[in-house]
Asks: 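My questions all concern the structure below.
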Amino acid sequence: MAITSDVKFGVGVRIPQPDLVNLFGCSIGDESMIGPFVEIQAGAVIGRRCRIQSHSFICEGVVIEDEVFVGHGVMFINDRLPRATNADGTPKGKGDWIMEGTTVERGVSIGSNATILAGLVVGEESIVGAGAVVTTDVPAFSVVVGNPARIVRDTRERGPN
């Protein structure tokens, strides 16, 4: 596991087990916490006061704004058409695919084992349920669950705890 020298750390970033993470060319904001077995790729941005739980994968092109919770085993995807090879059978290289970024807005909570597909916006203060597969943008203040994820309520509604 590795933390490369081009990672930009804010003030007070906590990585309790630094030898159990892969961080490459990313940016991590002030007071954020990165759990073990997390990989954050080059070009990804983590905001301030975020919590990234263990076994999560944050790929190139993902921007996570401030105060976001990312549960255990959350996966981000940045390619809508992943293939190992080109049409002629040659292995795909860096220039053979289109990276599509994803933005997770301020105050979002993403439950464990959720998958967030490429090119989406997860709106402010929304909640993505555990195991959800997010295939479309999530409006601000929405709670989404299921596969594919669908809106079940508004986060501003008070319901049973």
Asks: Which heavy atom in Ala44 sits nearest to a heavy atom in Cys59, and how many Å separate them?
Replies: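 Here Ala44 and Cys59 meet closest at CB-O, 3.7 Å.
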
Asks: Arg48 and Ser32: which non-hydrogen atoms are nearest, and at how many Å?
Replies: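 Taking every non-hydrogen atom into account, C-OG, 3.7 Å.
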
Asks: May I ask whether Ile3 and Ile28 are part of the same hydrophobic cluster, defined by side-chain heavy atoms of I, L, V, M, F, W, Y residues being less than 4.5 angstrom apart, directly or through others?
Replies: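 Yes, Ile3 connects to Ile28 through the hydrophobic network.
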
Asks: Does some side-chain heavy atom of Leu23 sit less than 4.5 Å from a side-chain heavy atom of Ile15?
Replies: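 They are in contact (side-chain heavy atoms under 4.5 Å apart), so the answer is yes.
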
Asks: Under 3.5 Å, side-chain donor or acceptor atoms of residues 107-124 against the rest of the protein: list the pairs with distances, not counting sequence neighbours.
Replies:
| unit_1 | atom_1 | unit_2 | atom_2 | d |
| --- | --- | --- | --- | --- |
| Ser112 | OG | His72 | N | 3.2 |
| Glu124 | OE2 | Arg106 | NH2 | 2.8 |

Asks: Please examine the side chains of Met33 and Gln53, heavy atoms only from C-beta on, and report whether any two atoms are closer than 4.5 Å.
Replies: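 SC-SC contact between Gln53 and Met33 confirmed.
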
Asks: Among Val38, Val74, Val68, whose side-chain contact (heavy atoms from CB on, under 4.5 Å) with Ile52 holds?
Replies: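 When side-chain contact (heavy atoms from CB on, under 4.5 Å) is applied between Ile52 and each of Val38, Val74, Val68, only Val38 qualifies.
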
Asks: What closest approach, in Å, do Val104 and Phe76 show between heavy atoms, and which atom pair accounts for it?
Replies: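 Looking at all heavy atoms of both residues, the closest pair is CG2-CE2, 3.7 Å.
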
Asks: Is there a donor-acceptor contact under 3.5 Å from the side chain of Asn78 to the main chain of Glu60?
Replies: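 Yes, Asn78 side chain to Glu60 backbone: donor-acceptor pair under 3.5 Å.
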
Asks: What is the distance from atom CZ of Arg49 to atom CD of Glu65, rounded to the nearest 0.5 Å?
Replies: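 The CZ atom of Arg49 sits 12.5 Å away from the CD atom of Glu65.
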
Asks: Using a 4.5 Å cut-off on heavy atoms from C-beta on, say whether the side chain of Val134 contacts that of Val128.
Replies: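 Yes, at least one pair of side-chain atoms sits under 4.5 Å.
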
Asks: Distance check, rounded to the nearest 0.5 Å: Ser142 atom OG versus Asp137 atom CG?
Replies: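 So the OG of Ser142 and the CG of Asp137 are separated by 10.5 Å.
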
Asks: Phe141 ring centre to Arg156 NZ or CZ under 6.0 Å, with the angle to the axis within 45°?
Replies: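 Verdict for Phe141: a cation-pi partner in Arg156.
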
Asks: Of all heavy-atom pairs between Cys50 and Glu67, which one has the smallest distance, and what is that distance?
Replies: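 Heavy-atom minimum between the residues: SG-N, 3.8 Å.
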
Asks: Kindly work out whether a path of hydrophobic side-chain contacts (I/L/V/M/F/W/Y, heavy atoms less than 4.5 Å apart) joins Phe57 to Ile64.
Replies: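 Unlinked, Phe57 and Ile64 end up in two clusters.
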
Asks: What closest approach, in Å, do Thr85 and Gly89 show between heavy atoms, and which atom pair accounts for it?
Replies: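 Looking at all heavy atoms of both residues, the closest pair is CG2-O, 3.6 Å.
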
Asks: CG/Asn22 to CD/Gln41 distance, rounded to the nearest 0.5 angstrom?
Replies: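 Result: 9.5 Å between the selected atoms.
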
Asks: Which pair of non-hydrogen atoms, one from Gly73 and one from Ser56, has the smallest distance, and what is that distance?
Replies: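 That would be N-OG, 3.4 Å.
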
Asks: State which residues pass side chain to side chain donor-acceptor pair (under 3.5 Å) with Asp96; sequence neighbours excluded, sorted by chain then number.
Replies: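 For Asp96, the residues satisfying side chain to side chain donor-acceptor pair (under 3.5 Å) (neighbours in sequence not counted) are Asn86.
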
